[in-house]
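So the structure is just underneath, and the comments pick up after that.
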Amino acid sequence: MGVPQSPRAGPGQGGRRRDVGHAMAAAARAPAPTCLLLLLLLCRGLGASSGPRTDRSIQLQQPQEEVSVSVGQTLTLRCSISGDDIAGPVKWLKALGSKNQTIYDQKVSPLPRVTRAVNESSTNLTIYISNVQVEDAGTYYCVKFRKGDEQDEVYLSGRGTKVLVRASPASMAVSGPEHRAEPGSSVRFTCTAGGFFPREIGVKWLKNGAPMTAPQPQVTAGQTNSYNMSSTAEVTLQAADVRSRLTCVVDHATLRTPLMRTYNLSNAVRVPPTVRVLTEPPNPVEVNKTVNFTCSVEGFYPDAVTLTWLENGMKANAGRRPRLRETSQGTFKLRSLLEVQATVEKNQSVFTCQVVHDSQSPVGSAVTLQIAVPAADRGASNQSLADKGQHLLSLYGLWIGLLLEKGIFGLVLFFLFKRRMQ
Ligand SMILES: *[C@@H]1O[C@H](CO)[C@@H](O)[C@H](O)[C@H]1NC(C)=O
Ligand SMILES: *[C@@H]1O[C@H](CO)[C@@H](O)[C@H](O)[C@H]1NC(C)=O
Ligand SMILES: *[C@@H]1O[C@H](CO)[C@@H](O)[C@H](O)[C@H]1NC(C)=O
Ligand SMILES: *[C@@H]1O[C@H](CO)[C@@H](O)[C@H](O)[C@H]1NC(C)=O
Ligand SMILES: *[C@@H]1O[C@H](CO)[C@@H](O)[C@H](O)[C@H]1NC(C)=O
Ligand SMILES: *[C@@H]1O[C@H](CO)[C@@H](O)[C@H](O)[C@H]1NC(C)=O
Ligand SMILES: *[C@@H]1O[C@H](CO)[C@@H](O)[C@H](O)[C@H]1NC(C)=O
Ligand SMILES: *[C@@H]1O[C@H](CO)[C@@H](O)[C@H](O)[C@H]1NC(C)=O
Ligand SMILES: *[C@@H]1O[C@H](CO)[C@@H](O)[C@H](O)[C@H]1NC(C)=O
């Protein structure tokens, strides 16, 4: 105890200084080559005395400052140790919040995706991490531990390698309004994508292939080490948009070709119908004739429509279900026929075609049936015309009578005059 010359002197500073003193004394007495050797030993001793981190006898190289790797690829983390072998393990640690997570430990069986580049090597500590995920991004340290009495302590640490995981945008989608809107209204559409890295992303909108103006996408922090994007475009709907397509185009450094998602504006637009009732033959109608009321429902989208005929507000049966037709504009039309016997009782009846489109409030068109004065009455007027003719005829008779009368009177006068002359 406390023997100064003990070769097993403790690692304390005092012990080392004494060793240095001995070495200097020895060097003073020794010949030149021995002196040089001792000086070298002395330098090593001095280096060690200033602390483990600057120990020149062991060097840890972690050459990569930053590494960029794509999702699914294999990440190579380089580390090598040279110099004296000091008892204690080498580990790969990853900075994780306020703690360091062990990624690779020589003693413990490694994580399934982690393998050594050179098995069992005490100098080459390069590791591979296969099938890289965005979660793998972060700073990795190659650390040499020294065997401690109770637990291993950090002896040398690499300067850290920052790993960037390049990830393509995923879960891309375009969403429209919750409810349909009618032509003229302005509607917002949202394009989203998530889980990409790096942050820079390009978003474009096309309507029927033509570029639209849209504000810059909003980029927010997504799940660990990735970003999410949201872009909004505004469209003023038109009836013709039943056939329109909205496309969101996303471009990112990780993509060979841009990603595209299309939204059919037919999912967002509601075009209400125009409702008309046609009467054949037109009003007024002769009594007891058949009248055709045709309800024409045109230019609507979507095709969800129910049609009801009302006669003075009461449901009337139109018989066959009308057939739906699609127009070249993508909208729909239909025609419903209601045949009515134009009896005198139905004079001034109101016939309404009521249409409920896409669960909206009903729209309708109404006509009033007008029954003309019966044919029998008109026959009577013809009769009266004939009667008038008869009267006229009797007038002519009167004239003829008058003329005859005058003629006979003249003849009588003539014969009387002739007799007096004889
Ligand atoms: C993680 O380990 C590195 C390297 O040894 C060190 O520089 C860093 O301070 C450690 N971080 C934490 C939170 O322990
Ligand atoms: C470690 O091993 C890997 C794989 O064989 C090799 O690419 C790398 O150069 C080696 N590193 C050193 C420092 O020798
Ligand atoms: C390293 O060791 C692992 C597990 O023992 C083995 O699967 C692998 O093939 C070895 N790699 C090399 C290059 O020897
Ligand atoms: C980011 O986008 C993904 C879909 O790609 C989603 O699952 C996640 O919840 C989003 N995260 C945030 C914070 O918005
Ligand atoms: C959009 O419309 C096209 C044809 O017009 C059709 O092929 C496609 O399935 C539609 N997509 C959706 C999501 O409705
Ligand atoms: C119309 O028909 C009804 C019943 O069929 C009949 O009683 C009536 O006389 C007819 N009226 C005319 C003007 O033909
Ligand atoms: C009424 O409709 C029926 C059935 O379509 C048709 O046969 C008839 O000629 C039409 N009548 C008139 C006056 O249009
Ligand atoms: C039907 O009603 C109109 C208006 O009240 C009337 O002018 C017409 O004569 C009526 N027709 C019949 C056949 O009664
Ligand atoms: C009235 O008389 C004319 C000429 O004789 C005839 O053409 C017409 O059909 C008649 N009208 C009616 C309602 O009987």
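Order of appearance sets the numbers: ligands from 1, and atoms from 1 within every ligand. Bear in mind the structure is a predicted one, so any value in this text is a computation, not a measurement.
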Atom pairs and distances, ligand 4 N/O vs protein N/O under 3.5 Å:
from	atom 1	to	atom 2	distance (Å)
ligand 4	2 (O)	Asn228	OD1	3.1
ligand 4	2 (O)	Asn228	ND2	2.4
ligand 4	5 (O)	Ser171	OG	3.3
ligand 4	11 (N)	Asn228	ND2	2.7
ligand 4	14 (O)	Asn228	ND2	3.0

For Gln348, the atoms of ligand 8 under 4.0 Å from one of its heavy atoms are 1 (C), 2 (O), 3 (C), 4 (C)
Please determine, by modelled atom types, if Trp92 and Thr102 share a side-chain donor-acceptor pair under 3.5 angstrom.
no
Ring centres under 6.0 angstrom apart (Phe145, Tyr155):
no
Quick check against the 3.5 Å criterion: does Trp309 have a side-chain atom that pairs as donor or acceptor with the backbone of Leu337?
no
What part of Ile371, side chain, backbone, both or neither, has a heavy atom within less than 4.0 angstrom of ligand 8?
both
Checking side-chain polar atoms at under 3.5 Å, does Asn124 have a donor or acceptor matched by the opposite partner on Ser80?
no
Using 30° and 60° as the class boundaries, would you call the ring planes of Phe196 and His252 parallel, tilted or perpendicular?
perpendicular
Answer yes or no for Arg245: is there a heavy-atom contact with ligand 5 below 4.0 Å?
yes
Can you label the angle between the Phe300 ring and the Phe332 ring as parallel, tilted or perpendicular, going by 30° and 60°?
tilted
Will you find, in the side chains of Thr220 and Asn228, an N or O donor that is under 3.5 Å from an N or O acceptor?
no
Would you check if there is a donor-acceptor pair between the side chains of Thr161 and Gln62 at a distance under 3.5 Å?
yes
With a 4.0 Å heavy-atom cut-off (strictly under), which part of Gln370 contacts ligand 8: side chain, backbone, both or neither?
neither
Ligand 8 to Ala372 polar contact by distance, N or O atoms, under 3.5 Å
no
